[in-house]
Amino acid sequence: MKGIRVAIVHNQESKSVEVTKRLTTLLEQSENKIDQDNPELVISVGGDGTLLSAFHLYNHKLDQVQFLGVHTGHLGFYTDWRDYELEELVESLCNDHQKSVSYPLLDVRITYANGKSDKHFLALNESTIKRGNRTMVADISIKEDLFEKFRGDGLSISTPTGSTAYNKSVGGAVLHPSINAFQLAEIASLNNRVFRTLGSPIVVGHHEWVKVQLQQSTDYLVTIDQFTIEQEEIDAIYYRIADERIHFASYRHMHFWNRVKDSFIGEE
């Protein structure tokens, strides 16, 4: 494949800046075009956090772009190439047929008690809800039916690819990204004779949604991937699998379970 439009997103680490310069030169020499505004391919140089930033920069163009990650540190979940493989990467861009693999995204809609317009977001990894240093109280409904009355530190709602991030640290399961579903995990829920929750993560299918009806307060902390939503009078938050999906260029795609093994188990 020749002559594609490429955008590059990198972090400010010196190694990433150096790799970006070399990659830019190689791409231009191979008749590809650097186009930060209207790319066909977005390459992130750095780590998984850099890829998340690239996703949020271009998530309004998900039907037009593919993503690819170059890692300048340890192996990450969203990066198939290392910084010393730039020549091989550019050659693959020029010669291989255009292929991609797509992953589910999380659709997040926030409603407000003060009549303010709803806010809508897409998350690649996860969204969390917490309430400062106080116990969070919320009614959790699946579709129209109340599922449980939650009391605890908070909730983590993750995509399959995000299941290896914060979700895993709070006891959630690791889901393969071919599963078109999202996961809700409780964070330090209160369970005693008075207050009861399921106490286990749940996996919600793409045809269902979750509503988190919050107790009135102004001190909620809501995150969408690495971004924090301003504290306002949030009424409820709705989660479902998004209609949109992210597409990763799969010139040399590492299988998901190999990523999990490399990241958490390593070689014996």
Side-chain angles (χ1 to χ4, degrees), residues 48-49 51-63 67 78 102-132 136-148 150 152-170 172 175 177 179-187 201-247:
D48 286 344
L51 192 286
L52 284 171
S53 296
F55 164 73
H56 285 280
L57 280 173
Y58 292 97
N59 65 8
H60 61 293
K61 292 178 175 288
L62 291 177
D63 59 341
F67 292 82
Y78 294 119
S102 67
Y103 291 161
L105 299 171
L106 187 66
D107 182 290
V108 185
R109 180 167 62 91
I110 302 177
T111 62
Y112 296 90
N114 57 9
K116 183 178 177 180
S117 298
D118 298 356
K119 288 186 178 180
H120 178 257
F121 304 90
L122 291 175
L124 175 56
N125 262 6
E126 67 205 359
S127 172
T128 65
I129 317 171
K130 296 181 180 179
R131 187 187 171 190
M136 188 178 109
V137 179
D139 288 343
I140 300 175
S141 298
I142 300 177
K143 299 181 79 171
E144 302 295 342
D145 299 322
L146 178 65
F147 179 72
E148 66 179 17
F150 174 83
D153 284 359
L155 298 168
S156 171
I157 301 89
S158 63
T159 66
T161 48
S163 67
T164 56
Y166 187 58
N167 167 79
K168 182 176 180 296
S169 71
V170 296
L175 299 184
I179 300 172
N180 197 29
F182 65 97
Q183 184 170 183
L184 185 148
E186 301 173 358
I187 304 171
I202 61 172
V203 177
V204 182
H206 66 92
H207 58 288
E208 298 180 316
W209 66 89
V210 166
K211 175 184 177 182
V212 181
Q213 181 72 56
L214 297 168
Q215 185 182 65
Q216 187 172 0
S217 177
T218 59
D219 62 349
Y220 290 108
L221 185 66
V222 179
T223 66
I224 308 293
D225 288 334
Q226 74 271 50
F227 301 104
T228 301
I229 308 303
E230 294 181 2
Q231 296 178 6
E232 301 179 60
E233 294 183 18
I234 297 175
D235 176 50
I237 308 178
Y238 296 80
Y239 295 98
R240 67 179 183 88
I241 285 294
D243 296 329
E244 304 90 338
R245 294 173 69 90
I246 186 172
H247 297 269

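This one's a predicted model, so the numbers in the text were calculated from it and none came from an experiment.
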Q. When rounded to the nearest 0.5 angstrom, what is the spacing between CD1 in Ile241 and OG1 in Thr159?
A. 7.5 Å
Q.
Nearest 0.5 angstrom please: Glu244 CD to His60 NE2, how far?
A. 12.5 Å
Q) Does any non-hydrogen side-chain atom of Arg131 lie less than 4.5 Å from one of Ser217? A) yes
Q) Without hydrogens or angle criteria, can the side chains of Tyr166 and Thr128 be said to hold a donor-acceptor pair below 3.5 Å? A) no
Donor-acceptor pairs under 3.5 Å, side chain of residues 137-148 to any protein atom, not counting sequence neighbours: which ones?
unit_1 : atom_1 : unit_2 : atom_2 : d
Asp139 : OD1    : Lys149 : NZ     : 3.2
Asp139 : OD2    : Lys149 : NZ     : 3.4
Glu148 : OE1    : Leu198 : N      : 2.8

**Q.** Verdict with reasoning, Asp107 to His120, per side-chain contact (heavy atoms from CB on, under 4.5 Å)
**A.** CA-CA 8 Å; Asp107 182 290; His120 178 257; 2.6 Å; yes
Q: Could you go through the side-chain contact (heavy atoms from CB on, under 4.5 Å) check for Tyr239 and Ile129 one step at a time?
A: CA-CA 12 Å; Tyr239 295 98; Ile129 317 171; 3.5 Å; yes
(Q) Between Tyr220 and Met136 (side chain of the first, backbone of the second, donor and acceptor by atom type, cut-off under 3.5 Å), is there such a pair? (A) no
Q. Can you tell me how far OG of Ser169 sits from CD1 of Ile187, rounded to the nearest 0.5 angstrom?
A. 8.0 Å
Q) How about Gln226 and Asn125: do any of their side-chain heavy atoms sit closer than 4.5 Å? A) no
(Q) Go through it in stages, so that I can follow the logic: the residues are Tyr238 and Asp118, the test is side-chain contact (heavy atoms from CB on, under 4.5 Å), and I'd like the CA-CA distance, side-chain angles, deciding distance and then a yes or no. (A) CA-CA 11 Å; Tyr238 296 80; Asp118 298 356; over 6 Å; no
Q) Do Leu51 and Leu124 have side chains that get closer than 4.5 Å, going by heavy atoms? A) yes
Q.
As an exercise, state the distance from CG of Leu106 to CZ of Arg240, rounded to the nearest 0.5 Å.
A. 9.5 Å
Q) So do the side chains of His56 and Ile224 get within less than 4.5 Å of each other, counting heavy atoms only? A) yes
Q: Answer whether the closest heavy-atom distance between the side chains of Leu105 and Asn59 falls below 4.5 Å.
A: no
Q.
So, taking the atom named CG in Leu221 and the one named CD1 in Ile234, what distance separates them when rounded to the nearest 0.5 Å?
A. 9.0 Å
Q: For the residue pair Phe150 and Leu155, establish whether any side-chain heavy-atom pair is separated by less than 4.5 Å.
A: yes
Q.
How long is the straight-line distance from NZ of Lys130 back to CG of Asp219, given to the nearest 0.5 Å?
A. 13.5 Å
Q) How far apart are the closest heavy atoms of Gly205 and Ala181, and which atoms are they? A) CA-CB, 4.1 Å
Q: Mark yes or no for whether Thr223, through its side chain, and Ser127, through its backbone, hold a donor-acceptor pair below 3.5 Å.
A: no
Q: Determine whether Pro104 and Arg245 make a side-chain contact, defined as any pair of heavy atoms from C-beta on separated by less than 4.5 Å.
A: yes
Q: Assign the ring pair Phe67 / Phe55 to parallel, tilted or perpendicular, where the plane angle (0 to 90°) is split at 30° and 60°.
A: tilted
Q: Begin with the C-alpha distance, continue with both residues' side-chain angles, and end with the deciding distance and a verdict on side-chain contact (heavy atoms from CB on, under 4.5 Å) for Val222 and Ile110.
A: CA-CA 10 Å; Val222 179; Ile110 302 177; 4.2 Å; yes
(Q) Looking only at the side chains, is there a donor atom on one of Ser163 and Ser158 sitting less than 3.5 Å from an acceptor on the other? (A) no
Q) So, for Gly162 and Glu126, which heavy atoms are closest and what is the spacing to 0.1 Å? A) O-OE1, 4.0 Å
Q: Flag the pair Gln213 / Asp235 as yes when at least one side-chain heavy-atom distance between them is below 4.5 Å, and no otherwise.
A: yes
